[in-house]
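Accompanying notes for the structure given below.
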Amino acid sequence: LHRQNVDLTEVVIVCGSGNNGGDGLAIARLLFLEGHAVTVVYAGNKEHCSESNRVQQDILNAYGISIYMDIPEKIRPALVIDAIFGVGLSRDVTGEYADMLCRMNELSGEKAAVDIASGISADTGAILGTAFRADLTITFQYPKLAFMFAENEQFTGEWKIVDIGIHPDIIEQTETKYYYIELDEAARMIMKRSRFVSKHNVGHTLLIAGSKGMMGAAVLAAKAAHTGAGLVSVLSAACGEKILQTSVPEALFIADEQDSHISDIVLNRSYSAIAVGPGLGRHEETARAFYKLLGQIKRPIVLDADALNLLAGHTELIENLPKNTILTPHHLEFDRLFGKNDTSYERLNKAREMAIRYHIIIVLKGANTAIITPKGDVLFNSSGNAGMATAGSGDTLTGMITGLLAQGYHPIPAAILGVFLHGMAGDLAAEKDSQEYITARDIISQIGQAYKKLHNYRV
């Protein structure tokens with residue numbers, strides 16, 4: 001719980017009567033033994049407590065550490081630790097508990113929560129009446145679902161995972177639809193290349209992207225599509241030919257008859273993977289060409305940006321998408337497609353419902369991008385940073401996922417690995433410069449290093 005350059009001279013720890021409170025009491029003892037001035041406050045009935053809680057109370061008593069039943073007046077701690085409820089909370093916080101949480105929030109000093117801030121539902125992420133506003137949450141074994149939702153950042157703050165030694169067999173036997181993808185899982189997904197491979201063996205990607213004034217999106221997607229793909233073609237408005245041929249000389253260019261937008265989409269050869277959307281625009285002719293294309297497609301494709309906007313309101317088109325087609329919406333695009341949602345939890349449940357109903361893969365982009373499979377499994381990504389909230393970042397992700405598809409990755413691993421590599425490239429870009437200065441081009445420049453990091457992990 002130590003923070004750099006913070007002198008923890010006085011700590012207030014508020015403990016409940018359950019096991020979370022027992023953890024708080026143990027923390028109080030450890031900080032006391034390190035020489036800190038510890039004020040332990042008990043919220044609840046000391047006589048009606050869990051066994052581990054009672055044991056920790058007895059240990060504190062043996063050390064002569066007082067346990068208060070209320071927060072002393074005029075105290076000004078450097079750190080306030082919340083250990084009242086933990087993950088077991090299932091009803092609204094009211095009365096004395098709500099008052100206690102409000103007073104804790106008003107205290108000076110940094111705020112830290114044990115496992116999860118009191119007042120948050122670990123199952124849904126909902127705020128149950130009143131909640132502790134943590135700057136830091138030390139959580140056990142795995143992140144909680146509530147940490148994945150933007151509206152809860154003010155209550156969870158920064159969070160760190162602590163391994164408490166739960167046996168792997170118990171973890172394996174625990175049923176869940178939610179997973180957290182980290183470096184080791186991503187590294188295992190990389191397919192090994194034969195030394196005799198040729199560009200034709202690792203796929204031909206087709207990007208249907210770009211229009212007048214939005215050719216940058218097509219350029220970024222094309223550069224990122226070279227994430228292992230042997231060939232990349234871009235079908236776009238004729239005005240983009242010089243831009244694409246100059247910016248991405250490795251790519252082939254297919255010019256539409258129209259100068260400013262795509263008016264017809266003709267698949268004159270067999271492509272390994274197709275993506276539609278970056279910078280596409282919503283011209284009437286483009287919309288008609290896109291709808292016609294969907295009627296011809298028999299294998300999974302990647303749909304992003306304006307392709308998603310053109311799908312909005314056309315349920316019949318979504319129903320007829322090839323199985324395992326990958327949609328990559330941010331939250332506004334998702335709501336346009338499937339209806340407005342009031343909370344992140346509601347949106348996630350809707351995404352699971354839609355992925356199952358239409359047998360598609362939904363990449364719901366955000367701080368911890370969620371990949372939702374046709375079986376309703378949700379895989380949250382662990383890589384990436386706030387600096388990646390920049391124009392062109394989504395176009396880059398589309399190119400990366402499509403490039404992986406072209407190489408022969410199944411759509412689900414392609415989506416997972418693409419998202420993880422994208423986030424890792426963003427992290428490397430932030431290390432090189434800063435989060436504030438990341439552009440989509442910076443992310444692309446670090447894709448190779450992200451791959452290298454995954455390869456080195458496997459060694």
Side-chain angles (χ1 to χ4, degrees), residues 203-269 271-290 292-294 297 301-311 326-330 333 363 365 388 390-406 414 418 422 425 439-445 447:
H204 190 166
T205 296
L206 174 65
L207 297 174
I208 302 169
S211 57
K212 189 173 182 178
M214 295 192 289
M215 292 309 304
V219 168
L220 294 168
K223 286 185 174 182
H226 283 93
T227 305
L231 293 163
V232 175
S233 289
V234 180
L235 190 161
S236 190
C239 66
E241 184 165 6
K242 287 185 179 179
I243 296 171
L244 260 296
Q245 297 277 260
T246 303
S247 303
V248 197
E250 302 90 346
L252 306 173
F253 189 82
I254 305 167
D256 192 271
E257 290 182 357
Q258 292 292 333
D259 186 65
S260 63
H261 61 273
I262 293 172
S263 63
D264 193 18
I265 301 172
V266 178
L267 302 181
N268 54 12
R269 62 181 299 168
Y271 295 97
S272 310
I274 298 173
V276 189
L280 188 68
R282 302 185 220 179
H283 194 280
E284 289 181 7
E285 287 189 319
T286 304
R288 284 197 294 270
F290 173 57
K292 181 181 176 183
L293 171 71
L294 291 183
I297 294 294
I301 60 175
V302 182
L303 301 177
D304 181 35
D306 279 329
L308 299 176
N309 293 324
L310 291 174
L311 271 182
I326 302 171
L327 277 59
T328 62
H330 53 60
E333 291 166 338
V363 176
K365 295 183 289 194
M388 297 176 71
T390 184
S393 181
D395 305 315
T396 301
L397 175 61
T398 294
M400 294 176 71
I401 292 174
T402 312
L404 291 165
L405 268 181
H422 180 253
T439 66
R441 286 179 296 171
D442 297 322
I443 297 171
I444 291 170
S445 72
I447 293 173

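All residue numbers refer to positions in the sequence shown, counting from 1.
- Side-chain atoms of H261 and E285 include a donor-acceptor pair closer than 3.5 Å.
- K223 and D395 are not joined by a salt bridge, as no carboxylate oxygen comes within less than 4.0 angstrom of a charged side-chain nitrogen.
- Annotation: side chain of T390 is not in contact with side chain of D442 (no heavy-atom distance under 4.5 Å).
- The two residues A406 and S272 make their nearest non-hydrogen contact at O-CB, 3.5 Å.
- Remark: the backbone N or O of V232 is not paired with any side-chain donor or acceptor of T205 at under 3.5 angstrom.
- In this structure, I208 and L280 have side chains that are in contact, with non-hydrogen atoms separated by less than 4.5 Å.
- Judged by distance alone, the side chain of D256 and the main-chain N or O of S263 form a donor-acceptor pair under 3.5 Å.
- At distances below 3.5 Å, not a single donor-acceptor pair connects side-chain atoms of T246 with backbone N or O atoms of I243.
- Side chains of L311 and L303 form a contact here, defined as non-hydrogen atoms less than 4.5 Å apart.
- L206 has its side chain within reach of L267: a pair of non-hydrogen atoms, C-beta onward, lies under 4.5 Å apart.
- A donor-acceptor contact closer than 3.5 angstrom is absent between the side chains of H283 and S211.
- Here the shortest heavy-atom pairing between A222 and V234 reads CB-CG2, 3.8 Å.
- In this structure, the side chains of M215 and S236 come closer than 4.5 Å at one or more pairs of heavy atoms.
- Here the side chains of T286 and I265 are not in contact, with every heavy-atom distance at 4.5 Å or above.
- Nearest heavy atom pair, residue T402 against residue A275, reads OG1-CB, 3.2 Å.
- Annotation: side chain of D304 is in contact with side chain of P278 (closest heavy-atom distance under 4.5 Å).
- Across every non-hydrogen atom of I262 and A237, the tightest pair is CG1-N, 3.9 Å.
- Judged by distance alone, with hydrogens and angles left aside, the side-chain atoms of H204 form no donor-acceptor pair with the main-chain N or O of R269 at under 3.5 Å.
- Here the closest non-hydrogen pair linking A255 and E241 is CB-OE1, 4.3 Å.
- Counting only heavy atoms from C-beta outward, the side chains of M400 and I447 approach each other to under 4.5 Å.
- Between the E333 side chain and the H330 main chain, a donor and an acceptor come within less than 3.5 Å of each other.
- The minimum heavy-atom distance between A287 and L310, with the atom names listed, is CB-CD2, 3.8 Å.
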